[in-house]
Amino acid sequence: MQTALIKNLARYAGSEVTVQGWLYNKRSSGKIIFLIVRDGSGLVQCVLVKKEVSEDVWASASRLTQESSLKITGLVREEPRSVGGYEIQVTGLEVVQIAEEYPITHKEHGVDFLAEHRHLWIRTPRQTAILRVRSEIEHAFRDFFYQRDFVLADAPIITPAACEGTTTLFEIDYHGDKAFLSQSGQLYNEATALALGRIYCFGPTFRAEKSKTRRHLLEFWMIEAEMAYFDIDDNMRLQEEMVYYVIQRVLERCSAELKVLERDVEKLKSIQLPFPRISYTEAVEILRKAGEDFTWGDDFGAPHETIISNHFNAPVFVHRYPTAIKAFYMKPDPENPAVVLGADLLAPEGYGEVIGGGQRIDDLKLLEQRIAEHKLPPEAFQWYLDLRRYGSVPHSGFGLGIERTVAWICGLEHIREAIPFPRMLHKMYP
RNA sequence: UCCUCGAUAGCUCAAUGGUAGAGCACUCGGCUGUUAACCGAGUGGUUGUAGGUUCGAGUCCUACUCGAGGAGCCA
């Protein structure tokens with residue numbers, strides 16, 4: 001007997017297979033029972049007709065409750081009346097465990113209840129579809145970098161000092177010393193990029209900000225790349241090719257999941273290279289034409305980003321932000337030192353900033369000056385300054401938030417569904 | 001931290017200041033092709049907490065707790 005995944009059942013039409021899974025739903029009518037079984041890869045309807053199965057099998061099927069675990073054996077056949085187009089004519093049924101009364105029903109639930117039961121909520125078709133798309137997205141990023149000779153060089157999670165200010169860091173006790181959970185691997189990436197050329201890291205990052213919106217998590221996963229000898233234009237070109245590659249991969253391999261999510265895939269299919277590029281100053285013009293009272297030099301809020309991105313049906317780069325609102329390591333534009341060679345990528349459909357990146361300062365004196373201006377402790381940055389003392393080169397990098405990317409590609413209302421166990425303000429159970 | 005809204009059965013929600021109810025889930029019964037199956041019956045309540053007004057409070061008032069949406073910050 002062969003064991004099969006539900007998503008591959010079409011390959012087994014006409015033969016007998018065993019599916020190992022859980023009972024998603026049951027419908028019965030006296031002489032016939034329909035079991036809807038899930039195995040993580042999909043749903044399949046299994047049919048038992050009373051006079052065609054043994055009494056044991058019939059009795060076992062009758063006592064199954066929602067989410068009971070089971071191994072079910074039968075003949076796979078094409079059946080247009082069944083979801084997925086195939087169903088299993090049951091010949092054998094092994095009950096692994098009869099589940100207790102299951103809290104999540106097939107009716108509607110509120111978000112608070114679902115969040116409290118996240119460990120069970122992730123069993124539902126919609127959530128499994130999202131998590132499979134997330135997995136595909138993560139694989140696609142890794143494949144993209146691998147194909148381009150990037151080295152995966154993961155950054156530390158426990159760090160001795162803030163890289164961009166201390167108010168947003170989670171503090172931990174490091175055997176008597178103060179330490180912090182990383183909010184970015186970037187500074188370490190600059191070191192590994194000067195060692196290996198082109199590198200990326202992929203791991204969790206932590207922000208202690210009291211953000212409470214549909215776009216924020218306290219713990220989120222970030223792909224961060226850093227490239228020696230890349231300028232701002234090389235940087236944007238790499239980013240758009242990467243995002244385009246990931247979208248194509250999801251369209252190619254996750255069409256079933258996107259259908260479950262009712263994602264309008266035309267909006268993803270219409271995205272072409274290259275992505276539009278506008279300067280911060282041009283973005284301010286768009287805001288003013290839209291009737292916003294916006295002062296040059298201020299940072300964009302979420303509503304501003306939406307106005308800007310709605311002008312395009314592809315992700316849009318906004319580059320050359322005012323120096324004053326960006327991080328200390330951003331390289332000033334030689335043609336206009338009031339702005340920096342940084343660029344953010346705004347996703348379409350109001351999903352906001354998914355990438356922040358830019359060219360870094362490669363001059364020792366200027367970097368020392370910036371560290372002083374931002375009132376950062378110079379002793380903590382000596383190793384970082386070493387990178388400008390020993391073989392400094394122009395270099396650039398970026399960070400992409402995985403959950404925002406998943407939310408955008410899946411068309412989610414809220415980022416909390418884009419990660420198995422979201423960490424939100426005052427909320428870390430389960 | 002600020003603004004807005006909310007909390008009633010396991011879940012989703014009703015209930016002019018006057019006897020707390022429905023659907024789902026669960027239990028029992030019925031039904032040979034169901035698609036969140038359907039039909040009949042049953043089980044299920046300290047109305048978030050603490051005070052107050054009133055003959056009488058789920059409903060009105062005050063405080064608190066918890067949650068949701070948004071803002072700021074960011075990916």
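Proteins get letters first, then strands, A, B, ... in listed order; numbering begins at 1 in each. Reckoned from all heavy atoms, side chains included, excluding hydrogens, waters and symmetry mates.
Within the nucleic acid shown, A:A115 has no heavy atom closer than 4.0 Å to any nucleic acid atom. Among the atoms of the strands shown, base atoms are found under 4.0 Å from some heavy atom of A:F34. If you check every strand for non-hydrogen atoms under 4.0 Å, A:E224 touches nothing.
Contact annotation: A:R416 does not reach the phosphate of B:G67 (side-chain N/O to OP1 or OP2, under 4.0 Å). Under 4.0 angstrom from either OP1 or OP2 of B:C11 there lies no side-chain N or O belonging to A:H117. For A:K427 and B:A68, the shortest distance from a side-chain N or O to OP1 or OP2 is below 4.0 Å.
Comparing B:G18 with B:C13, their C1' atoms are spaced 23 Å from each other, to the whole Å. Taking atom P in both B:G6 and B:U62, the straight-line distance is 14 Å, to the nearest Å. A distance of about 33 Å separates the C1' atoms of B:A7 and B:A75, rounded to the whole Å. The gap from the P atom of B:G45 to that of B:U1 amounts to 38 Å, rounded to the nearest Å. Comparing the P positions of B:G10 and B:C26 gives a spacing of 15 Å, expressed to the nearest Å. Rounded to the nearest Å, the gap between the P atom of B:U8 and that of B:U46 is 12 Å. Taking atom C1' on both B:U16 and B:C73, the two are 47 Å apart, rounded to the nearest angstrom. Across the P atoms, B:G33 and B:A41 are found 23 Å apart, a figure rounded to whole Å.
A donor and an acceptor atom, one from each side chain of A:Q45 and A:E79, are nowhere located under 3.5 Å apart.
Looking at A:R132 and A:E138, no side-chain N of the basic residue comes within less than 4.0 Å of a carboxylate O on the acidic one, giving no salt bridge.
Atom CG of A:N25 is separated from atom C1' of B:A25 by 12 Å (rounded to the nearest Å). When rounded to the nearest whole Å, the span between CD1 of A:I88 and C1' of B:G33 equals 17 Å. Taking atom NZ of residue A:K326 and atom P of nucleotide B:C73, one finds them 11 Å apart after rounding to whole Å. Spacing between atom NE2 of A:H216 and atom C1' of B:G69 amounts to 15 Å, rounded to whole angstrom units. Here the P atom of nucleotide B:G69 and the CD1 atom of A:I415 are 12 Å apart, to the nearest Å. When rounded to the nearest whole Å, the span between CG of A:L425 and P of B:C66 equals 11 Å. When the P atom of B:G33 is taken as reference, atom NZ of A:K50 falls 15 Å away, rounded to whole Å. Rounded to a whole Å, the CG atom of A:L120 is 13 Å from the C1' atom of B:G10.
Of the residues in residues 284-292 of chain A, not one places a heavy atom less than 4.0 Å from an atom of RNA chain B. Residues from residues 336-355 of chain A that place a heavy atom under 4.0 Å from any atom of RNA chain B, listed by number: A:E353, A:V354, A:I355.
Between A:Y280 and A:Y321, the ring-plane angle classifies as tilted under the 30° and 60° cut-offs. Between A:Y188 and A:W383, the two ring planes are parallel [angle under 30°; tilted spans 30° to 60°]. Using cut-offs of 30° and 60° for the angle between ring planes, the A:H119 and A:Y429 rings count as perpendicular.
Picking from B:G33, B:A75, B:A71 the nucleotide with the shortest atom distance to the side chain of A:Q45 gives B:G33. Among B:G72, B:G67, B:C74, the nucleotide with an atom closest to any side-chain atom of A:P303 is B:G72. For A:R215, taking side-chain heavy atoms from C-beta onward, the closest of the listed nucleotides B:C73, B:G33, B:C11 is B:C73. If you check B:G33, B:G67, B:A75 against the side chain of A:R404, the one that comes closest is B:A75.
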I'd like to know whether A:R249 forms a side chain to side chain donor-acceptor pair (under 3.5 Å) with A:Y245, so could you lay out the CA-CA distance, the side-chain angles of the two residues, the decisive distance to 0.1 Å, and finally the verdict. CA-CA 6 Å; A:R249 272 279 293 266; A:Y245 176 85; 3.1 Å; yes

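Within a 6.0 Å radius of NZ in A:K427, other residues, nucleotides and ligands contribute more than 12 heavy atoms. Around atom CD of A:E78, no more than 12 heavy atoms belonging to other residues, nucleotides or ligands sit under 6.0 Å away. Within a 6.0 Å radius of CZ in A:R288, more than 12 heavy atoms belonging to other residues, nucleotides or ligands are found.
Side chain of A:H304 to main chain of A:G301: a donor-acceptor pair is present (N/O by atom type, distance under 3.5 Å, no hydrogens or angles). Looking at A:E67, its side chain never comes within 3.5 Å of a backbone N or O of A:Y102 through a donor-acceptor pair. A donor-acceptor pair under 3.5 Å is absent between the side-chain atoms of A:N189 and the main chain of A:E226, judged by distance alone. Between the side chain of A:E282 and the backbone N or O of A:S279 there is at least one donor-acceptor pair closer than 3.5 Å.
In this structure the side chain of A:I361 never reaches within 4.5 angstrom of the side chain of A:F328, judged on heavy atoms.
In terms of polar N and O atoms assigned as donor or acceptor, the side chain of A:E413 never comes within less than 3.5 Å of the base of B:G69 in a complementary pairing. For a distance-only test at 3.5 Å, the side chain of A:T105 fails to qualify as a donor-acceptor partner of the base of B:C11.
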Here RNA chain B, pairs taken as Watson-Crick or G-U under 3.5 Å and shown with ( ), [ ] when crossing and | when to another strand, reads (((((((..((((....[..)))).(((((.......))))).....(((((..]....))))))))))))....

Sequence neighbours excluded and cut-off under 3.5 Å, please list the side-chain donor-acceptor pairs for residues 13-21 of chain A, or say none.
from: A:S15; atom 1: OG; to: A:Y12; atom 2: O; distance (Å): 2.8
from: A:E16; atom 1: OE2; to: A:T91; atom 2: OG1; distance (Å): 3.1
from: A:T18; atom 1: OG1; to: A:T73; atom 2: OG1; distance (Å): 2.9

Show which side-chain atoms of residues 403-422 of chain A pair as donor or acceptor with protein atoms under 3.5 Å away, not counting sequence neighbours.
from: A:E403; atom 1: OE1; to: A:W221; atom 2: N; distance (Å): 3.0
from: A:E403; atom 1: OE2; to: A:R134; atom 2: NH1; distance (Å): 2.9
from: A:E403; atom 1: OE2; to: A:R134; atom 2: NH2; distance (Å): 3.3
from: A:E403; atom 1: OE2; to: A:W221; atom 2: N; distance (Å): 3.3
from: A:R404; atom 1: NE; to: A:R215; atom 2: O; distance (Å): 3.1
from: A:R404; atom 1: NH1; to: A:E353; atom 2: O; distance (Å): 2.9
from: A:R404; atom 1: NH2; to: A:R215; atom 2: O; distance (Å): 3.2
from: A:T405; atom 1: OG1; to: A:G401; atom 2: O; distance (Å): 2.8
from: A:E413; atom 1: OE1; to: A:R214; atom 2: NH1; distance (Å): 3.3
from: A:H414; atom 1: ND1; to: A:R416; atom 2: N; distance (Å): 3.0
from: A:E417; atom 1: OE1; to: A:R126; atom 2: NE; distance (Å): 3.1
from: A:E417; atom 1: OE1; to: A:Q127; atom 2: NE2; distance (Å): 2.6

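Not less than 6.0 angstrom separates the ring centroid of A:F144 from the ring centroid of A:F150.
Nearest-nucleotide mapping onto RNA chain B: of A:V47 and A:G399, the residue sitting toward the 5' end is A:V47.
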Enumerate all atom pairs, one protein N or O and one N or O from nucleotides 26-32 of chain B, separated by less than 3.5 Å.
from: B:C31; atom 1: N4; to: A:G30; atom 2: N; distance (Å): 3.4
from: B:U32; atom 1: O4; to: A:K51; atom 2: NZ; distance (Å): 2.9

